[in-house]
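Here the structure is laid out as structure tokens; the discussion comes afterwards.
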Amino acid sequence: MDGTLLDADGRVPDEVWPLLAELDRRGIVFCPASGRQYATLAAQFAAVDDGGMVYVAENGTYVVRGGTELSSDVLDPAVASWIVKSIRRLADETGGADGAAADVGVVVCGKRSAYVERSDEAFMTEVRKYYRDHRVVDDLTAVDDDVIKVAVFDFGRAERTVAPALADLTATHQVVVSGEHWVDVMNRTANKGVAVRGLQRELGITPAQTMVFGDYLNDLEMLDAAEWSYAMEGAHPDVLRRARHRAPAHTENGVVRTVRAVLGLPAQV
């Protein structure tokens, strides 16, 4: 969604809606696949979802169709707790040339809600973008929910600070830099690619009938699940290497333009 379908302001472009109607008319399934929360995705597409839209949420850890869970991949609570405590330590430590502590915050992502301890407005502004349903709690290690992902936001560069702090988990879990400021931790068996392949089996769709768009590292496995795999202009170098095709930037309505071109639809003016 971010860096692919959404515009520079994080909104669904107006040109998307008539395209979705045409896809539906042709029997083509449209599926938002994102690190965003299911509730956030469902709200964004509520106007056109007749109850049958499929959502790949939380980087593939939670797949929902028509309000019904198709699949999920739940983290061990002990692992979620270890991550929370590790990031607390990181926030307390000093680092960098200026000696400042890492400016980070944790989001524990459950099926029912997202949970945060940090509640300052700067952090909550970022949380609200991706987690429509969220709660501020006293202790993230005591969350009573099925945790499917733990996300960490870094006001600096997450790839340089948060990812190294969680390096010990990489042997057993996915530690994915999903954007300049975000790192997501999930079970090793969960990613967007696994979710897309599951949908292909569910719907009887082949990779040759599948088109995907990606821009960051959390999209890599998904690109492998489709023959029509597109890297957005300006995508992470690893994404550019992995995808078979290129699409214009999200700021230039690249997804809509590409889909219309592949289907032989006239360009919108």
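Sequential numbering from 1 along the given sequence is applied to the chain's residues.
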What I'd like to find out is whether the side chain of [X] reaches to under 4.5 Å of the side chain of [Y], using heavy atoms alone.
| X | Y | value |
| --- | --- | --- |
| Leu220 | Val239 | yes |
| Leu6 | Val12 | yes |
| Met124 | His134 | yes |
| Glu58 | Tyr38 | no |
| Leu20 | Phe45 | yes |
| Met53 | Leu41 | no |
| Glu22 | Ile28 | no |
| Gln44 | Leu5 | no |

Applying side-chain contact (heavy atoms from CB on, under 4.5 Å), name anything that partners [X], two or more places apart in sequence or on another chain.
| X | answer |
| --- | --- |
| Pro207 | Gln200, Glu227 |
| Val194 | Asn191 |
| Thr141 | Ser81, Val84, Lys85, Arg88, Asp139 |
| Arg188 | none |

Looking at [X] and [Y], would you say the former's side chain and the latter's main chain have a donor-acceptor pair under 3.5 Å?
| X | Y | value |
| --- | --- | --- |
| Thr161 | Ala158 | no |
| Asp7 | Arg11 | yes |
| Ser229 | Arg244 | yes |
| His181 | Gly156 | yes |
| Trp182 | Val152 | no |
| Gln209 | Thr206 | yes |

Looking only at non-hydrogen atoms, find the nearest pair between [X] and [Y] and report the distance.
| X | Y | answer |
| --- | --- | --- |
| Glu252 | Pro248 | OE1-CB, 3.9 Å |
| Ala247 | Gly254 | CB-O, 4.4 Å |
| Arg246 | Leu240 | NH2-O, 2.7 Å |
| Val63 | Ala195 | CG2-CB, 3.8 Å |
| Lys129 | Thr40 | O-CG2, 3.9 Å |
| Ala243 | Ala231 | CB-N, 3.4 Å |

Find the distance between [atom1] ([X]) and [atom2] ([Y]) and round it off to the nearest 0.5 Å.
| X | Y | atom1 | atom2 | value |
| --- | --- | --- | --- | --- |
| Asp24 | Asp50 | CG | CG | 6.5 Å |
| Asp14 | Leu19 | CG | CG | 13.0 Å |
| Ser113 | Arg132 | OG | CZ | 11.5 Å |
| Leu90 | Ile83 | CG | CD1 | 13.0 Å |
| Lys149 | Gln37 | NZ | CD | 9.0 Å |
| Leu223 | Asp215 | CG | CG | 9.5 Å |

Could you pull out every donor-acceptor pair under 3.5 Å between side chains of residues 259-266 and any protein atom, sequence neighbours left out?
from, atom 1, to, atom 2, distance (Å)
Arg260, NE, Pro266, O, 2.8
Arg260, NH2, Pro266, O, 2.8

#### Entry: Electrostatic pair Arg112:Asp133 at N-O distance under 4.0 angstrom
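Answer for the salt bridge query: no.
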
### Message
I'd like to know if Glu221 and Arg242 make a salt bridge, using a cut-off of under 4.0 Å between side-chain N and carboxylate O.
### Response
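A salt bridge is absent here (no side-chain N lies under 4.0 Å from a carboxylate O).
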
### Arg201: partners by side chain to side chain donor-acceptor pair (under 3.5 Å), with sequence neighbours left out
none

### Task
Could you tell me which residues satisfy side chain to side chain donor-acceptor pair (under 3.5 Å) with Arg241, sequence neighbours excluded, listed by chain and number?
Asp238

### Task
Show the numbers, then the answer: is there a side-chain contact (heavy atoms from CB on, under 4.5 Å) between Val175 and Val183?
CA-CA 7 Å; Val175 180; Val183 169; 3.8 Å; yes

### Query
Should Gln174 and Asp184 be marked as a side-chain contact (heavy atoms from CB on, under 4.5 Å) after you check the CA-CA gap, both sets of side-chain angles, and the distance that decides it?
CA-CA 8 Å; Gln174 299 237 31; Asp184 293 336; over 6 Å; no

### Query
Excluding sequence neighbours, so at least two apart, what forms ring pair (Phe, Tyr, Trp, His ring centres under 6.0 Å) with Tyr216?
His236

### Results of ring pair (Phe, Tyr, Trp, His ring centres under 6.0 Å) for Tyr230 - residues two or more places apart only
Phe213, His245

### Task
Could you note down all residue pairs passing ring-ring contact (aromatic ring centres under 6.0 Å, His included) where residues 66-91 supplies at least one of them, sequence neighbours left out?
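Residue pairs with at least one partner in residues 66-91: there are none.
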
### Message
A quick test of your reading: do over 12 heavy atoms of other residues, nucleotides or ligands sit less than 6.0 Å from CG of Asp9?
### Response
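Enclosed.
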
For residues 66-75, dump all side-chain donor-acceptor pairs below 3.5 Å to protein atoms at least two apart in sequence or in another chain.
from, atom 1, to, atom 2, distance (Å)
Glu69, OE1, Lys111, NZ, 3.1
Glu69, OE2, Ser72, OG, 2.8
Ser72, OG, Lys111, NZ, 3.1
Asp73, OD1, Asn187, ND2, 2.6
Asp73, OD2, Thr189, OG1, 2.5

### Worked check of side-chain contact (heavy atoms from CB on, under 4.5 Å) between Val143 and Arg135
CA-CA 10 Å; Val143 165; Arg135 304 175 193 173; over 6 Å; no

Can I get a per-line list of side-chain donor-acceptor pairs under 3.5 Å for residues 101-109, giving both atom names and the distance, sequence neighbours left out?
from, atom 1, to, atom 2, distance (Å)
Asp103, OD1, Arg118, NH1, 2.9
Asp103, OD1, Arg118, NH2, 2.8

#### Entry: From CA spacing to verdict: side-chain contact (heavy atoms from CB on, under 4.5 Å), Val116, Tyr131
CA-CA 11 Å; Val116 297; Tyr131 301 98; over 6 Å; no

